[in-house]
Structures are given as structure tokens and as C-alpha cells.
There are 2 protein chains.
Amino acid sequence: MQQFGPGEFLFFENDVATDAHFLLSGQLKIVRETEDGQEVILRLIRAGEMFGGAGGWGAATYPATAVALDQARVFRLPVQEFARLAGHYPQFALAVIEELGLRLREAESRIRELQVERVERRIARTLLRLANKIGHKTDRGIQIDLPQSRQHLAELSGATLSTVSRVLSEWDRQGLILAGRERVTIVRPHELVVIAEDTVESDLG
Amino acid sequence: MQQFGPGEFLFFENDVATDAHFLLSGQLKIVRETEDGQEVILRLIRAGEMFGGAGGWGAATYPATAVALDQARVFRLPVQEFARLAGHYPQFALAVIEELGLRLREAESRIRELQVERVERRIARTLLRLANKIGHKTDRGIQIDLPQSRQHLAELSGATLSTVSRVLSEWDRQGLILAGRERVTIVRPHELVVIAEDTVESDLG
DNA sequence: CGTGTAATTGAGTAGGGTCAACGTGAGTGG
DNA sequence: CCACTCACGTTGACCCTACTCAATTACACG
């Protein structure tokens, strides 16, 4: 059981993967970095979620780095223990299998998006996902609070900070969202969905 | 147990996921398509590999489409059976967990690449991966045989057919590879690795 | 030798990245 | 309580990578 403050690292990519982790409270991100400092966010983790468990499924070292976004309390389970649980309790093993399957499908969706969708649409999708995951209702709409939100949105959707800022400004002007500091409020979710999906039902009668 | 010829579909995205599959011989691809026909290859499958098993880890429908690239023999295992195996034989469950973990790590690497690497480097990486997976040694180098190779390379690396063709032509001119019809032979793997990795060891001493 | 699919190559363009200057809002200390 | 400061965010100008569209060439097969 451990505590971390905003910006602190829980473990680094390539560290020996000794434990599986469970986030009890707070929020953190799982990232990969390039040597030149460019960062890609693989997942955002909320309270209740498991992370950094790759040691439990065959990785010798952590494949990514974990960084706390605010005050985070973490429970750590040694991988030997994890393996023992999976070997003895079929229900646990099946739960792990389902969890991994889900994450794999999500990852493959993201690959597809990065490969064929344009930036604006990827940002829209990222916003909607975030709304689902960490959004909360206010009288103005669904509010997403995220430190360094532009930067993080960029790293989640595969764009640059500048582009995200530009796109959000435009949407703000159109009244789809309210772009605030370390905050985005979705005012008209439906129109965002249109941008995110927009199956151009071409008239091929 | 079933047989398929080149271009035939084994199952489609969104079909009810009734079976897990094992490829006994031949080669096939797992793809996602957009409504406008753009295709993304998620995996290439060789003899001995498992695929289309998402039903076994919580998906109601197949999350992608499977297409045979040549003559393919396939063994199908009903998902109920799959779940029974995983529930009764811890070794099987653990093997599935490791397999999923591996694929998840691979998928996340690809996300990182798509997000931060330029096309040329992605193509180099894709070639090297393919060399590992389906390459075979000849007197000229490591040869990769793949129908519609430029198109497939494009869909694997997140580029267009034209761009792949251009890049391969250039590498051919430089003598790194031999670009042939439905075939690429890697002549100087090391130089490809340099392009793929190229950690600009900047002189910060 | 003809035909169809695969691949090459060129010209033109634009989406979005880079770089840089400038605003702005939330804490902090006097 | 106000001003200062720093991190966060916005915006503009420029440019380059890689896409689009399209014409042409090469190869393998019957």
C-alpha cells in the first residue's frame, strides 16, 4: 500500500515488473516516452482499476511508465501472488482473460483510428471517451477535469497541443463545448458524436 | 475443420462470435474496414496461431474480419468449449493470459509508433517484423513473400500504397532491399534497423 | 502474345506539425 | 487585498510530409 503525489512516478518502463497494482483512489496515467521526450498516453486509470500488471502476463519488465496525476493511493500485489491466484482460482483467471480481451479490443480500435481517421475526429472520440470515464454532470453539461488538459488530450488522441487547442477553440466558438483551463465541458454531446462518427451516408441509390 | 481459398472470408466483423480458430496451414489476415472501404490489418496469422477467439474473452461478436491470403486449413473450437477449458485447466488459462498479454503489448507498441513515428520508420519496422514472422532466408537475403505486398505493407504500417511503393523504390535504389512483385528481399537488415530505430545519439557530453 | 493485377511514378495539394509570440487565470507572498 | 509569477492555453505564420489523383509500366498467367 503506497501514496503518491501529482507528477510522481510509480514505476518506469523497463523496470523489473515485480507487482500488479490496483488504484484505490486518485487518478494516474500510463505512458510511453520516446528518447526525445515525446509522450503517448496508453491509458488513464481511475480508482478501482488494475494497472501495471504486465508481470502477471509474461512481461519481465513494465512495458510503460505510470505517473500520478493527483493524490493516488495504490495497492501492490506481487506477481508471484498474482500467478498463484490465476492458477488456483479459475474465476480470477477468467476475469483476467476478459479484462485483457477488453483492453486488446480497445487498443485495436485505437490503432484503426490512428491509421484512418483525421485529427478532428480522433479528438472528438477522445473527448467522448473521457466524458464516459471521468466526466461528471453539471448544469452546463458534462464536465471533464484534467490537469494540463490540452496536452493530455493531444497525447491521448495523437495530435499536438496546438492542434487540440485550435480545435477546441473552434468548437467553443460553435457552442459545442466550453473550453476552460484544465477543463472541458461538453455542452452538446450529440453534435460531438456526429463529428466522431459521421458515417457519410452517401446517396448511392 | 474447414478449408478456404485466397480472398475468402472466414468470418466478418460483427458476426456472432461462435468459435475460436486455429490456423493449421496457410496464411490469413485480420482486418478492420471503414465504411468507405479503407482497410487496416490488425494481424497476420500463420500456421499454428490462434485467432478469432474474442468470443472466448468476452466479446459477443468478432471485433474484426478474417480473410484467407492463400489456401488455409482452419480448426474451429466452440467458445463454450473454450471457456470450459479455461475454467478447468489452469495451464490453459495461463497460456491464454500470456498470449493476450503479449498481443496487448504489441498493440500498444503499434499505437505509440503510429502516434509519434514518421512513415518511413514505420515501414522499416513493419518490414523487419514481417521478416521475423514470414521471412525465409535466400542467398540474396531475407525474402518476404506476400500477395499485394505494397498494399498490405501500407495497411500494416499506416501509410498509402503509393508511399510504400516510393519508399521501397528508394531503398531498392540504395541497395538495402530488392523490391519485387509480391515480394521484398531484405539485403541489408542492419541498415533497415538503423532507419527503424535511429536513436539519434546526440552528442551531449 | 494478350490481359489483368500489381507496382511505379509524377504533379499538385492540404492537413496538421513546428516554432514562436502572446494571453490568461490561479495561487502565493508581501 | 493586490500584484507578481508561473504554468496553462491561444493564436499566427510558415512549411513539409505524406496523401490524392491519375497516367504509365512491369510482371505473371493462361
Side-chain angles (χ1 to χ4, degrees), chain A residues 5-7 34 36-40 67 69-70 113-124 126-127 144-174 177-185 195 198 200, chain B residues 5-7 29 34 36-40 67 69-70 113-127 143-174 177-185 195 198:
Chain A
T34 48
D36 61 339
Q38 250 186 112
E39 198 175 275
V40 173
V67 187
L69 294 180
D70 48 23
E113 278 174 34
L114 284 169
Q115 214 154 68
V116 303
E117 311 279 22
R118 346 220 102 209
V119 182
E120 195 184 39
R121 182 171 298 190
R122 299 206 302 268
I123 296 174
T126 304
L127 265 188
I144 299 166
D145 289 288
L146 192 66
Q148 302 175 51
S149 60
R150 305 299 182 276
Q151 181 65 37
H152 281 148
L153 274 170
E155 294 173 10
L156 280 165
S157 55
T160 54
L161 189 157
S162 313
T163 301
V164 169
S165 182
R166 268 185 258 273
V167 169
L168 292 196
S169 295
E170 178 59 27
W171 287 345
D172 184 303
R173 242 166 269 134
Q174 297 175 12
I177 64 170
L178 293 170
R181 187 187 174 84
E182 312 214 308
R183 154 175 313 167
V184 178
T185 308
I195 294 174
D198 191 23
V200 185
Chain B
K29 61 180 177 180
T34 48
D36 61 338
Q38 251 186 111
E39 198 175 275
V40 172
V67 187
L69 293 179
D70 48 23
E113 279 174 33
L114 284 169
Q115 212 148 340
V116 303
E117 311 280 22
R118 339 220 117 220
V119 184
E120 195 184 39
R121 184 172 296 191
R122 298 206 303 268
I123 296 173
R125 292 206 178 174
T126 304
L127 265 188
Q143 182 172 317
I144 299 166
D145 289 288
L146 192 66
Q148 302 175 50
S149 61
R150 306 299 181 278
Q151 180 65 38
H152 280 148
L153 274 169
E155 293 174 11
L156 280 165
S157 54
T160 54
L161 188 159
S162 312
T163 300
V164 170
S165 182
R166 267 185 257 271
V167 170
L168 292 195
S169 296
E170 179 58 27
W171 287 345
D172 186 302
R173 241 167 269 134
Q174 298 175 10
I177 63 170
L178 293 170
R181 188 188 175 83
E182 313 214 305
R183 155 174 312 166
V184 178
T185 309
I195 295 173
D198 191 22

Checking B:R118, B:R121, B:R125 against B:E113 for salt bridge (charged side-chain N to carboxylate O under 4.0 Å, His left out), the one that qualifies is B:R125

CZ (A:R122) and CG (A:L127) are apart, to the nearest 0.5 Å, by 13.5 Å

Whole angstrom value for the distance that separates [atom2] of [N] from [atom1] of [X]:
X: B:L114; N: D:dC19; atom1: CG; atom2: C1'; value: 16 Å
X: A:H152; N: D:dA7; atom1: NE2; atom2: P; value: 15 Å
X: A:Q115; N: D:dA18; atom1: CD; atom2: P; value: 14 Å
X: B:Q38; N: D:dC19; atom1: CD; atom2: P; value: 10 Å
X: A:E182; N: D:dC6; atom1: CD; atom2: P; value: 17 Å
X: B:D36; N: D:dC19; atom1: CG; atom2: C1'; value: 14 Å
X: B:E120; N: D:dC16; atom1: CD; atom2: P; value: 17 Å
X: A:L161; N: D:dA7; atom1: CG; atom2: P; value: 15 Å

For B:R181, which contact category applies under a 4.0 Å heavy-atom criterion: base, sugar-phosphate, or nothing? base

Under 4.0 Å from a heavy atom of chain B: give me the 5'-most and 3'-most nucleotides of DNA chain C that qualify. C:dG4 to C:dA11

Of the listed nucleotides (D:dT10, D:dA18, D:dT20), which one gets closest to any side-chain atom of A:A179? D:dT10

Is there, by distance only and without an angle test, a donor paired with an acceptor across the side chain of A:R166 and the base of D:dG9 below 3.5 Å? no

A:S165 side-chain N/O to A:L161 backbone N/O, donor-acceptor pair under 3.5 Å: no

At under 4.0 Å, does any side-chain N or O of [X] touch on OP1 or OP2 of [N]?
X: B:T163; N: D:dC19; value: yes
X: A:S169; N: D:dT11; value: yes
X: A:S149; N: D:dG9; value: yes

Start at the 5' end of DNA chain D and walk down; is the nucleotide closest to A:Q151 or to B:R118 reached first? A:Q151

Between A:L168 and B:A159, name the one whose nearest nucleotide on DNA chain D is closer to the 5' end. A:L168

Of all the heavy-atom pairs spanning [X] and [Y], show the shortest one and how long it is.
X: A:G180; Y: A:R150; value: O-NH2, 2.9 Å
X: B:I177; Y: B:V184; value: CD1-CG1, 4.1 Å
X: B:A124; Y: B:I195; value: CB-CG2, 3.9 Å

Note, B:Q151 side chain near B:L146 side chain (heavy atom, < 4.5 Å): no

